[in-house]
Amino acid sequence: MNYWLMKSEPNTFSIMDLKNRPNQTEHWDGVRNYQARNMLRDQMKKGDLAFFYHSNAEPSGIAGIVKIIKEGYPDFKAWDPTDDHYDPKSTEEKPQWYMVDVKFEKQFKRLISLTELRENPALKNMTLLRKGNRLSIMSVSAEEWKAILEMI
DNA sequence: GCCAACGTTGGC
DNA sequence: GCCAACGTTGGC
């Protein structure tokens, strides 16, 4: 069982949007970075939990938790020329990009802001807080996961 | 294989 | 809107 953090811009897709989806389930598509792709494809397992992080938000921070309900499979939106995330390098025979399916698990009573996360000494080595880290999918250690839950 | 130019992310 | 930090592209 692994823990993760997944970023989304709430203007595009927020935790409330996920909560309001049929079955509270959605594809986590559109990841176009190889490091993040590898985690989606190879490491995320059914039943893993992930923080839903709101990026480019006011404020940015962790809004809640989702569960991985389907492991990595080809991101078919990369094959659709009319889609914003279309990538001609990806084909059905040789998919370049992968996605997982997630299900809404819970929304925190309040958002834990990036500022608060930075102020927690238990999180000082967290990937999210490292300078220049722009990955949209990150691994979270069990210790970090626990420390964040205690901040609610 | 190097690296400059360009594009993107995302905090502020 | 600015810009630092990265990732990608493509000429050589």
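If you're wondering where the values come from, they're calculated on a predicted model, not measured in any experiment. Numbers restart at 1 for each chain; the letters A, B, ... are given by sequence-line order, proteins then strands.
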Remember a base hit wins even if backbone is also touched, and classify Q35(A) as base, sugar-phosphate or nothing at under 4.0 Å, heavy atoms. sugar-phosphate
Whole Å only: how far is the [atom1] atom of [X] from the [atom2] atom of [N]?
X       : N       : atom1 : atom2 : result
R130(A) : dG11(B) : CZ    : C1'   : 18 Å
N133(A) : dA4(C)  : CG    : P     : 18 Å
L129(A) : dG10(B) : CG    : P     : 14 Å
Q96(A)  : dT9(C)  : CD    : C1'   : 14 Å
E9(A)   : dG11(B) : CD    : P     : 9 Å
L135(A) : dG10(B) : CG    : P     : 9 Å
E58(A)  : dC12(B) : CD    : P     : 12 Å

Over all heavy atoms of both residues, which pair between L40(A) and Y98(A) is shortest? Give the atoms and the distance, please. CD1-O, 3.2 Å
Atom pairs under 3.5 Å, N or O on each side, protein against nucleotides 5-8 of chain B: can you list them with distances?
| residue | atom | partner | partner atom | Å |
| --- | --- | --- | --- | --- |
| dT8(B) | O2 | R134(A) | NH1 | 2.5 |

Lys/Arg N to Asp/Glu carboxylate O, K19(A) vs E105(A), below 4.0 Å: no
So for atom CD, which belongs to Q43(A), do other residues, nucleotides or ligands contribute more than 12 heavy atoms lying within a distance under 6.0 Å? yes
Have a look at K146(A) and tell me which of E144(A), E143(A), E150(A) forms a salt bridge (Lys or Arg N to Asp or Glu O under 4.0 Å) with it. E150(A)
Which residue lies toward the 5' end of DNA chain C, K89(A) or N56(A), if each is placed at its nearest nucleotide? N56(A)
Decide whether a cation-pi geometry holds between K106(A) and F104(A); the criteria are a distance under 6.0 Å from NZ or CZ to the six-membered ring centre and an angle within 45° of the ring axis. no
Closest nucleotide among dA4(C), dC12(B), dT9(C) to the L114(A) side chain: dC12(B)
Mind checking whether V31(A) and L18(A) sit in one hydrophobic cluster, side chains of I, L, V, M, F, W, Y counted as touching below 4.5 Å? yes
Quick one: is dA4(C) close enough that its OP1 or OP2 comes under 4.0 Å of any side-chain N or O from K131(A)? no
Does the gap between the ring centers of F52(A) and W28(A) come in under 6.0 Å? yes
